[in-house]
2 protein chains.
Amino acid sequence: MDLKQLSASLGLSPTTVSRALNGYPEVSERTRERVIEAAKEVGYEPNVTARRLARGAVDAIGIVHPTGAGHLDDPRFLEVVDGLTERFSKAGIDLLIASARQKEEVATYKRLLQGRRVDGFIVHHTRRVDPRLDYLQECGAPFVAYGRTDTPDSYAWFDFDNALGSSLAVRRLQEFGHRRIAYMHAPLELHFAYQRYQGYLDAMHAAGLPVDPGLVVPAGFGRRGGYEAMKTLLDRAEGPTAVIVDNNLCGVGVLRCALDAGLKIGRQLSLIVYDGVPVDSVVTSVQVTSIEQPTSYAVGVQLAELMIGVLAGQPVQELQTLWSPRIAAGSSDGPISEH
Amino acid sequence: MDLKQLSASLGLSPTTVSRALNGYPEVSERTRERVIEAAKEVGYEPNVTARRLARGAVDAIGIVHPTGAGHLDDPRFLEVVDGLTERFSKAGIDLLIASARQKEEVATYKRLLQGRRVDGFIVHHTRRVDPRLDYLQECGAPFVAYGRTDTPDSYAWFDFDNALGSSLAVRRLQEFGHRRIAYMHAPLELHFAYQRYQGYLDAMHAAGLPVDPGLVVPAGFGRRGGYEAMKTLLDRAEGPTAVIVDNNLCGVGVLRCALDAGLKIGRQLSLIVYDGVPVDSVVTSVQVTSIEQPTSYAVGVQLAELMIGVLAGQPVQELQTLWSPRIAAGSSDGPISEH
DNA sequence: TTGTATGCGTTATCAT
DNA sequence: ATGATAACGCATACAA
């Protein structure tokens, strides 16, 4: 059943039916009701392809994720996608998911855009200098970045105040009396990792604490990496009394290692982990103090909201969202104590 | 640059240019070369929306995943998606991802289909009786199921020989001399869980081993569930000498629990886990014997391949793929021994 | 308030 | 081998 048939069955022109269904004001209420009723009755659904061609907009947003990049298994990604689709579907927007080998990323954006497969993009895992954003800005394509680059003024973005999270953690540990505060991080070319790291450095300096390079350890994104990194720290002559970990899978490994070493968490070693330790962890004895952020689902919804703003032509300066993390206190940190 | 402009610049009609680019045979080789050259030169990309409208096909496949269903955080899902997009993109097919609350799943399929947003679907996590497949068959929509239902003859599907995997595990343990073989499983309304469970039962019977209902434990999809379930088993007067776990996150929990209880894995307790224990686990001392299946990426590629067959009108009976798992021996199982 | 005519960028049909 | 013309199904400028 298409528009022509529907309108014929009602004795109206396709134009009027179209207007009635799309909420145009110049249709009489009586007619609108009749039309909507009939449309529901016969189960009419407009052909989106035709509508798209006529309107020149696709009502689809793309999200490109790098193949074999390691954060593929990031469970959060799917949660974000969930928030995106939820919000987008309300606006009649489709979410297109594409994958690209890391070298071909920009080419993929180009292909999707030039074939008019999408109106714009959600770009995630931004890097400090990011050729994808450069390309999209160059050709004026709508996009929202999940995470800022070094030059965040000229586009729409969502981000957490990553530096703040680390600062809060350092300040808290410092108030407990810690001085030797270790820091474990994901690769620093990822901007969130970089920002969190900067927050750590700044807060350490502000607190007048020395930063021992040996206590700053790249530990990647995984449990295993965290475990190994922690083992290295524990082997040192002068180990840390507290550890901050910039991502939670890594944090699980750190916790595990500390427990295996027989340390009393919260007394002999203080631990603060970004995003906390996942609910589905086998470790239940310790409630890990965490730097807490809104759920990834909420992030997805917000990203979609921003995208809709961009598509509506809102100035990008109004479309920059920064959410602040906060500390959720657990039992994994406290004053220094030797027993 | 659209088709009209391109053709004008070549002094040809849009028709000829279209034919040349789409590989129609009735174009002279000379013309074709000229056209392809020019198209590349100016970076012409056909407008897919217009093409779709003209051809009446969307070249897009949908995948609907249930919101808040617990397997959202299934890392494998993204790997499958990766394989799908990879294969689909070669065929010029888009992958649309939508989410739906569990009650609204069928309605979502309906909406996507009637609005001609997609040509067909990949349906995953099939249940033994699955209203989604019923609906899609009813309205004749193309789809490929990842997992069979109770009536698998009339549609295209991909599946693992789930029963076989459990049988292999039971047989192996039986040959080691085990008799009290426990089985932990995900919810049985998921067909893969049901099939694996049936394989366990059948193999136990075939081996002449008694099935103690107390040794068959629903343990869900997570580490925590596995940990708790294992604790329950260990508390029993007559516990198992071997455990089979039907999913690997759960298996991590089981392993952890057994280690915490001080058991020597492979001697005091044998363990076989579907898909093995994830590489990024902190447990490195034990190499878990696993029921091994091809990667989820490969599954994705195969699913896409099947879908392309369906769209091409191939008979569904030729589009049913069953892959067999095999045992990858590790150090987590062996003959019974008390020390 | 409603209808007519035209356009969106392709592909397909039927000539030539 | 190439071209003119008509779909594809909807939205919209313009007319009534």
Side-chain angles (χ1 to χ4, degrees), chain A residues 1-36 38-39 42-60 92-94 111-119 311, chain B residues 1-36 38-39 42-60 92-94 111-119 311:
Chain A
M1 172 71 72
D2 65 14
L3 193 61
K4 192 153 46 167
Q5 296 169 331
L6 178 61
S7 58
S9 80
L10 282 164
L12 289 167
S13 75
T15 310
T16 303
V17 175
S18 168
R19 284 199 273 240
L21 291 171
N22 289 304
Y24 281 57
E26 62 265 52
V27 178
S28 80
E29 267 321 305
R30 238 181 59 74
T31 306
R32 188 189 306 280
E33 279 168 25
R34 265 184 68 210
V35 170
I36 289 177
V42 301
Y44 168 77
E45 280 275 342
N47 180 319
V48 288
T49 304
R51 159 180 280 170
R52 285 167 177 176
L53 184 59
R55 296 204 316 195
V58 188
D59 290 341
I93 295 172
D94 291 333
R111 191 176 59 78
L112 291 175
L113 209 53
Q114 298 209 335
R116 305 280 153 86
R117 295 177 121 84
V118 298
D119 291 319
L311 292 176
Chain B
M1 172 71 72
D2 64 14
L3 192 62
K4 193 154 43 170
Q5 295 169 333
L6 178 60
S7 58
S9 81
L10 281 164
L12 289 167
S13 74
T15 310
T16 303
V17 175
S18 169
R19 283 199 275 240
L21 292 172
N22 290 301
Y24 281 61
E26 63 264 52
V27 178
S28 78
E29 267 320 304
R30 239 182 60 73
T31 307
R32 188 189 306 281
E33 279 167 26
R34 264 184 70 211
V35 170
I36 289 176
V42 300
Y44 168 76
E45 281 277 340
N47 179 320
V48 287
T49 304
R51 160 178 283 173
R52 285 168 177 176
L53 184 59
R55 297 204 315 195
V58 189
D59 290 341
I93 295 172
D94 290 332
R111 190 177 59 77
L112 291 176
L113 209 54
Q114 298 210 333
R116 305 279 153 86
R117 296 176 119 85
V118 299
D119 290 320
L311 292 176

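We name chains A, B, ... by the order of the sequence lines, and we start the count at 1 in each one. All values derive from a computational prediction rather than experimental measurement.
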Let's go through A/Asp59 and A/Val48 carefully: what are the C-alpha distance in whole Å and the side-chain angles of both, what is the deciding distance for side chain to side chain contact (heavy atoms under 4.5 Å, CB included) to 0.1 Å, and is it a yes or a no?
CA-CA 9 Å; A/Asp59 290 341; A/Val48 288; over 6 Å; no
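Taking the side chain as every heavy atom from C-beta outward, A/Val17 and A/Tyr44 never approach each other to under 4.5 Å. Using a 4.5 Å heavy-atom threshold, the side chains of B/Val27 and B/Val35 count as separate. Side-chain atoms of A/Arg116 and A/Arg52, non-hydrogen and from C-beta on, never get closer than 4.5 Å to each other.
Taking atom CD on B/Glu29 and atom P on D/dA1, their separation rounds to 10 Å, with Å as the unit. The CZ-C1' distance, from A/Arg32 to C/dT2, rounds to 13 Å in whole Å. Note: CG (B/Leu10) to P (D/dT2) measures 12 Å, nearest angstrom. Across the protein-nucleic acid pair, A/Glu33 atom CD and C/dT1 atom P stand 14 Å apart, rounded to whole Å. Rounded to whole Å, atom C1' of D/dT2 lies 15 Å from atom CG of B/Leu21. Separating the CZ atom of A/Arg117 from the P atom of C/dT10 is a distance of 13 Å, rounded to the nearest angstrom. Nucleotide C/dT13 holds its P atom 11 Å from the CD atom of B/Glu26, rounded to whole Å.
A side-chain contact (heavy atoms from CB on, under 4.5 Å) with B/Arg19 is found for exactly one of B/Asn22, B/Leu21, B/Thr15, namely B/Thr15.
If you check every strand for non-hydrogen atoms under 4.0 Å, A/Gly115 touches nothing.
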Scoring nucleotides 8-16 of chain D by protein non-hydrogen atoms under 4.0 Å (B base, S sugar-phosphate only, - none) yields BBBSBB---
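The list of side-chain hydrogen bond (donor to acceptor under 3.5 Å, both in side chains) pairs with a residue in residues 4-13 of chain B, not counting sequence neighbours, reads B/Ser13-B/Thr16.
The phosphate of C/dT1 (OP1 or OP2) has no side-chain N or O of A/Thr31 nearer than 4.0 angstrom. When the side-chain nitrogen and oxygen atoms of A/Thr16 are compared with OP1 and OP2 of C/dT2, none of them lie within a distance under 4.0 Å.
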